[in-house]
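When a ligand or atom number is given, it counts from 1 through the structure's own listing order.
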Amino acid sequence: MDRRPERVGRAWLARTVLLGLVILAAACADNYPQTTLNPRSDITRLIDQLFRTTFWWAVVVFVLVEGALVYALWRFRAKPNDPEPVQTHGNTTLEIIWTAIPAVILVLIAIPTVKTIFKTSLPAPNPAVEVDVIGHQWYWEFRYPKLGVVTANELVVPQKKMIGLRMWSADVLHSFWSPQLAAKRDVFPIFSQTKLKKVNPLWFTADTVGDYTGQCAELCGIQHGRMGLRVIVLNDADFDKWVAAERVGSPLVEGGKVPAAVDSVWKADSIMTKGATTFLTGGCISCHAMVGTPLAGAMTLRGPNLSHVGGRTTIGANMYENTPTNLAQWLRDPQGMKKGSHMILPRPLTEDEIATLVAYLRAHK
Ligand code: HEC
Ligand SMILES: [Cu+2]
């Protein structure tokens, strides 16, 4: 093989260019959901504007500086038999100029930056819907204290309404981030012994109905990468319908009590009664609040509230589609489905129990 330095150099250049092209092509993929460059809410638009302002300043600086550099390299390059050039040491005027210009540019960038930081880190001025966001290893809990809803992993909100989030963690540091809808914001463990007893606010107003993804953005353990979320934006009528359904058996509405009318319908349904029994004997109750069981009203169990899990589009924090097959496999082998997760069954379930539980969980919309 030819190992002359210029050949090796050229091979590296070719590889670098190729890698660059691959990265560029990947960036062009359409419908890339977790992009900050396609803002769909008021707060992400503010951040995007700031990014673009800073970016264009950087482009101008880059072109001027690199242009001057390339011009100087070419114009004053050494030619054969050139005499030694004049040696210059220090030039006060030049030094003042090249200190002053960057200083002015930095101030011009700092003004919108500081303004945006202040604006985006305040609590929501007048939220239409308030949600408490609680990070857990490795899923998200969403509580709507005023609407009486407790759910997980899918933050359902109405469009064009200011949503006010208050965020904390039940265990370690997490960070809430839905790139198109809401800024990235740290979620602190308020019950820890550290000094970080801080509930962080965040607000956003979603432009349009849609389904957006998000992700924990602070390394928080083995399944950090699988601590996803969805933000589902509905129109007002659909949102009201969703709230009404979620309120049935919510810990925030009469401590999880089911209205008598609903209760009698459920009691007549064999899947509901058989399922509730399996939920107890299978040990699910020790970690999950569930409507119609003695711990329906519990707020601080290890796992997500399952009272309306049948209505969620995904399970495992946006990891799997919520289908009967995935749900069954989740119950058959939770550690195989999400290694290291805190769902550890006290004993394996029989296939009969799994079938009962799948039907039972799916019936809870
Ligand atoms: C030791 C505690 C524990 C036990 C026991 C347990 N779970 Fe879980 N479960 C969890 C945790 C924690 C999660 C969240 C896992 C994650 O996404 O990281 C979870 C998640 C789930 C989910 C997915 C929910 C969602 O919205 O993503 C379902 C469904 C579920 N469990 C059902 C059950 C059933 C049914 C049983 C009983 C057979 C059971 N679990 C027993 C802790 C437990
Ligand atoms: Cu996390």
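Set against the non-hydrogen atoms of Ser286, the atoms of ligand 1 under 4.0 Å away are 5 (C). Interface atoms of ligand 1 facing Leu331, defined by a heavy-atom separation under 4.0 Å, are 32 (C), 33 (C), 34 (C), 35 (C). With ligand atoms numbered from 1 in the order given, ligand 1 contributes 1 (C), 5 (C) to contacts under 4.0 Å with heavy atoms of Ile344. Atoms of ligand 1 found under 4.0 Å from any heavy atom of Gly283 (numbered from 1 in listed order, with element): 5 (C). Listed by atom number, the atoms of ligand 1 under 4.0 Å from Asn153 heavy atoms are 25 (C), 26 (O), 27 (O).
Aromatic ring pairs are classed by plane angle as parallel below 30°, tilted from 30° to 60° and perpendicular above 60°; the pair Phe279 and His288 is tilted.
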Side-chain polar contacts of residues 89-98 - donor-acceptor pairs under 3.5 angstrom, sequence neighbours left out - could you list them?
from	atom 1	to	atom 2	distance (Å)
Asn91	OD1	Thr93	N	3.3
Asn91	OD1	Leu94	N	3.2

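Listed for the Thr213 side chain is no donor-acceptor partner under 3.5 Å among the backbone atoms of Arg230. Judged purely by atom type and a 3.5 angstrom limit, Arg143 uses its side chain to pair as donor or acceptor with the backbone of Met299. One N or O on the side chain of Arg185 and one on the backbone of Pro201 form a donor-acceptor pair closer than 3.5 Å. Side chain of Arg77 to main chain of Trp74: a donor-acceptor pair is present (N/O by atom type, distance under 3.5 Å, no hydrogens or angles). At distances below 3.5 Å, not a single donor-acceptor pair connects side-chain atoms of Thr278 with backbone N or O atoms of Leu357.
Checked against a 3.5 angstrom limit, the closest N/O atoms of Arg302 and ligand 1 fall outside it. Backbone and side-chain nitrogen or oxygen atoms of Gly316 are examined, and one is located within less than 3.5 angstrom of a nitrogen or oxygen of ligand 1.
For the pair Ala152 and ligand 1, no heavy-atom separation below 4.0 Å is found. Heavy-atom distances between Leu327 and ligand 1 reach below 4.0 Å in at least one pair. Ligand 1 has Lys338 within reach: a non-hydrogen atom of the residue lies less than 4.0 Å from it.
The pair Lys146-Glu130 counts as a salt bridge, with a side-chain nitrogen and a carboxylate oxygen less than 4.0 angstrom apart. The pair Lys241-Asp238 meets the salt-bridge criterion, since a charged nitrogen lies less than 4.0 angstrom from a carboxylate oxygen.
Atom 22 (C) of ligand 1 has as its closest protein heavy atom Trp330 NE1, 3.3 Å.
For the Cu ion (ligand 2), the count of nearby protein N/O/S atoms, taking only those under 2.8 Å, is 4.
Between Met337 and Met319, the shortest heavy-atom distance links the atoms O-CE, 3.2 Å.
Using a 3.5 Å distance cut-off with no hydrogens or angles, the side chains of His174 and Asp171 do pair a donor with an acceptor. No hydrogens or angles considered: a donor-acceptor pair under 3.5 Å links the side chains of Arg332 and Gln329.
Closer than 2.8 Å to atom 8 (Fe) of ligand 1 sit the protein N, O or S atoms His288 NE2, Met343 SD.
At a 4.0 Å heavy-atom cut-off, ligand 1 touches Arg312 through the side chain alone.
Residue pairs meeting the ring pair (Phe, Tyr, Trp, His ring centres under 6.0 Å) criterion with at least one member in residues 122-141, sequence neighbours excluded: His136-Tyr139, Trp138-His342, Trp140-Phe176.
Lys365 NZ: more than 12 foreign heavy atoms inside a 6.0 Å radius.
If you run side-chain contact (heavy atoms from CB on, under 4.5 Å) between Trp266 and each of Thr273, Ile271, Val291, only Val291 comes through.
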